[in-house]
Every structure is written in C-alpha cells, then in structure tokens.
Amino acid sequence: MTTVLEHVVEDLEKDFRLESSTNTKSSRTEIQEKLFDHLCGCWEQCPFCSAICTNTISDHDGDHSVDFHRPTGIRGVEWYETDNLIIDICSSLVGSDCQMELSEDKFIPFRNYREAGPSYAKWSITPDSSLQPYWKWFVCQFQSDLEKYYSKKCHGKGEIPAQWKTITKSAAIESLKLST
C-alpha cells in the first residue's frame with residue numbers, strides 16, 4: 001500500500017507542476033479523480049467474513065484476497081441447525097475438516113469452498129491457523145453484543161476458548177501493529 005501511495009504522490013506532484021498555469025478548479029477535479037482511481041480499490045467482500053478485498057485496483061485480474069480474515073460469527077453465521085455462532089476465522093476453517101452447508105441436504109468441506117458457487121470461486125483464502133489476537137479479543141469483548149444482536153450464542157461448537165479471554169486490549173492492538 002505504501003508503494004502505491006508513493007506513486008500516487010509522485011503523479012500528483014508532476015500534475016501540479018504541469019498544470020500550474022491551468023484553471024485551479026479543473027485541476028482539483030482531475031486530481032480528485034486521479035486519487036479516487038488510485039485509492040478506491042476493490043470493494044468485494046469475503047463470502048464468509050465480509051472482510052473487504054485488499055487489492056488496490058477495482059476490476060482487478062485474478063482472485064480477491066485479504067491479509068486478515070475475521071471470525072464468521074461477527075456477521076451472524078452459525079453452525080448448521082444450531083444457534084451457535086461460528087467464532088472460527090474463515091482462513092482457519094478452510095484449513096480444517098469442518099463442513100459448510102450449501103443447501104438443506106448438501107455439504108462440502110470448507111477447504112473446497114471454491115465449489116460453493118461464483119461468489120466463493122473468485123476468492124483466494126489461504127489456510128491460516130495463526131492467532132490473530134485482535135479478532136479473538138474482539139469476540140470476547142463484544143460477545144454479549146453479538147449474541148444479543150444476532151439472537152445466537154457463543155456456546156456448544158461456538159464456545160469461546162478460555163485462552164482467548166486472557167488476551168488484553170493492548171495485546172490485541174499490538175498484534176495489529178505487528179501485522180502491518
């Protein structure tokens with residue numbers, strides 16, 4: 001992202017030098033358009049956790065991807081025929097033996113998610129079992145809010161592990177700094 005922004009700044013500096021004698025109002029519009037084109041990026045959301053694609057080019061070639069996925073339960077997804085929120089991060093699920101429901105009588109392993117349809121097929125989700133402390137802290141911190149909002153619970157298969165509850169806010173924030 002930093003490299004992309006450096007190029008945008010260089011382009012803008014050139015434009016300022018070249019267009020200094022033109023109408024300021026039209027220059028602003030062109031500059032705004034250039035910034036929008038460079039910074040708007042792709043807005044596709046992960047079909048599991050709704051994280052936004054991190055590709056900086058809209059209508060980009062290739063698969064959508066995101067560096068860090070989220071627990072799918074933060075968007076209200078529950079385990080099949082339960083009220084148990086799925087607290088697992090989708091990048092962990094695609095590396096597991098867990099099954100995802102496609103219809104009332106059809107299931108596939110999460111690792112075969114691309115077979116679930118077009119919205120899944122165009123995503124590249126790399127299996128990752130890393131800690132991602134921020135999202136674990138988030139689920140613990142806002143458990144009652146999530147349960148109330150979605151009328152579901154973090155119990156049964158969605159039980160929050162005790163070790164997640166030991167993650168402090170400062171450790172969660174520090175993990176975000178380390179991952180950038």
Side-chain angles (χ1 to χ4, degrees), residues 1-2 40-56 58 60 62-180:
M1 184 71 166
T2 306
C40 99
C42 180
W43 288 96
E44 286 293 318
Q45 292 182 302
C46 172
F48 293 114
C49 71
S50 297
I52 296 172
C53 177
T54 52
N55 196 305
T56 57
S58 56
H60 60 85
D63 291 334
H64 299 292
S65 64
V66 63
D67 293 333
F68 298 101
H69 289 271
R70 308 167 183 168
T72 55
I74 66 168
R75 53 176 280 257
V77 180
E78 78 277 352
W79 288 106
Y80 179 68
E81 292 189 343
T82 73
D83 67 346
N84 304 334
L85 286 171
I86 300 178
I87 60 165
D88 300 272
I89 296 166
C90 50
S91 53
S92 297
L93 289 169
V94 299
S96 74
D97 291 327
C98 294
Q99 300 277 312
M100 65 184 284
E101 175 192 11
L102 298 181
S103 63
E104 189 66 34
D105 59 345
K106 184 169 183 186
F107 298 85
I108 62 169
F110 271 96
R111 69 177 161 274
N112 297 344
Y113 69 92
R114 288 181 183 256
E115 299 171 13
S119 62
Y120 294 87
K122 58 187 178 181
W123 272 86
S124 174
I125 305 172
T126 305
D128 176 15
S129 60
S130 68
L131 287 178
Q132 297 189 13
Y134 175 78
W135 287 111
K136 292 179 179 186
W137 171 83
F138 182 93
V139 168
C140 294
Q141 184 68 30
F142 298 102
Q143 174 183 352
S144 60
D145 296 310
L146 292 166
E147 290 175 334
K148 183 177 178 182
Y149 185 78
Y150 292 115
S151 300
K152 297 177 181 146
K153 297 288 181 193
C154 292
H155 64 245
K157 202 167 181 180
E159 185 77 31
I160 297 173
Q163 64 267 31
W164 286 25
K165 296 175 183 179
T166 64
I167 299 170
T168 64
K169 180 179 181 179
S170 59
I173 292 170
E174 189 62 30
S175 74
L176 293 174
K177 292 176 185 174
L178 295 173
S179 61
T180 55

Which atoms form the tightest heavy-atom contact between [X] and [Y], and what is the distance?
X	Y	result
L93	S96	O-OG, 2.7 Å
G41	S58	O-CB, 3.2 Å
A51	V66	CB-CG2, 4.0 Å
Y150	I74	OH-O, 2.8 Å
Q132	F68	NE2-CD2, 4.0 Å

**Prompt:** Any side-chain heavy atom of I125 sitting closer than 4.5 Å to one from Y120?
**Reply:** no
Quick check for you: to the nearest 0.5 Å, what is the distance between [X] atom [atom1] and [Y] atom [atom2]?
X	Y	atom1	atom2	answer
C49	I89	SG	CD1	9.0 Å
K177	Y134	NZ	OH	13.5 Å
E147	N84	CD	CG	10.0 Å
S91	D128	OG	CG	4.5 Å
S144	Y149	OG	OH	15.0 Å

Return the set of residues passing side-chain contact (heavy atoms from CB on, under 4.5 Å) with [X] (not counting sequence neighbours), or none when no residue passes.
X	answer
I160	I87, V139, C140, Q143, C154, W164, K165
S151	none
I52	W43, Q45
S119	P47

**Request:** With sequence neighbours excluded, tell me which residues meet ring-ring contact (aromatic ring centres under 6.0 Å, His included) with H155.
**Result:** none
**Message:** Just to verify, what does F142 make a ring-ring contact (aromatic ring centres under 6.0 Å, His included) with, not counting sequence neighbours?
**Reply:** F138
**Asked** Is Y113 reaching over with its side chain to a backbone N or O of I108, donor-acceptor style, under 3.5 angstrom?
**Response** no
**Request:** Taking S65 for its side chain and T54 for its backbone only, find out whether a donor-acceptor pair lies under 3.5 Å.
**Result:** no
**Item:** salt bridge (charged side-chain N to carboxylate O under 4.0 Å, His left out) pairs, two or more places apart, involving residues 100-114
**Value:** D63-R114, D97-R111
**Item:** Residue pairs fulfilling salt bridge (charged side-chain N to carboxylate O under 4.0 Å, His left out) with at least one residue in residues 68-89, sequence neighbours excluded
**Value:** E78-K152
**Prompt:** Tell me the ring-ring contact (aromatic ring centres under 6.0 Å, His included) pairs involving residues 73-99, sequence neighbours left out?
**Reply:** Y80-F107
**Prompt:** Going by the ring-ring contact (aromatic ring centres under 6.0 Å, His included) test, which pairs reach into residues 84-104, not counting sequence neighbours?
**Reply:** none
**Message:** Just to verify, which of C90, C98, S92 counts as forming a side-chain contact (heavy atoms from CB on, under 4.5 Å) with F110?
**Reply:** C98
**Message:** Using the salt bridge (charged side-chain N to carboxylate O under 4.0 Å, His left out) criterion, which residues pair with K153? Sequence neighbours excluded.
**Reply:** none
**Prompt:** Which class fits the ring pair H60 and H64: parallel under 30°, tilted 30 to 60°, perpendicular over 60°?
**Reply:** perpendicular
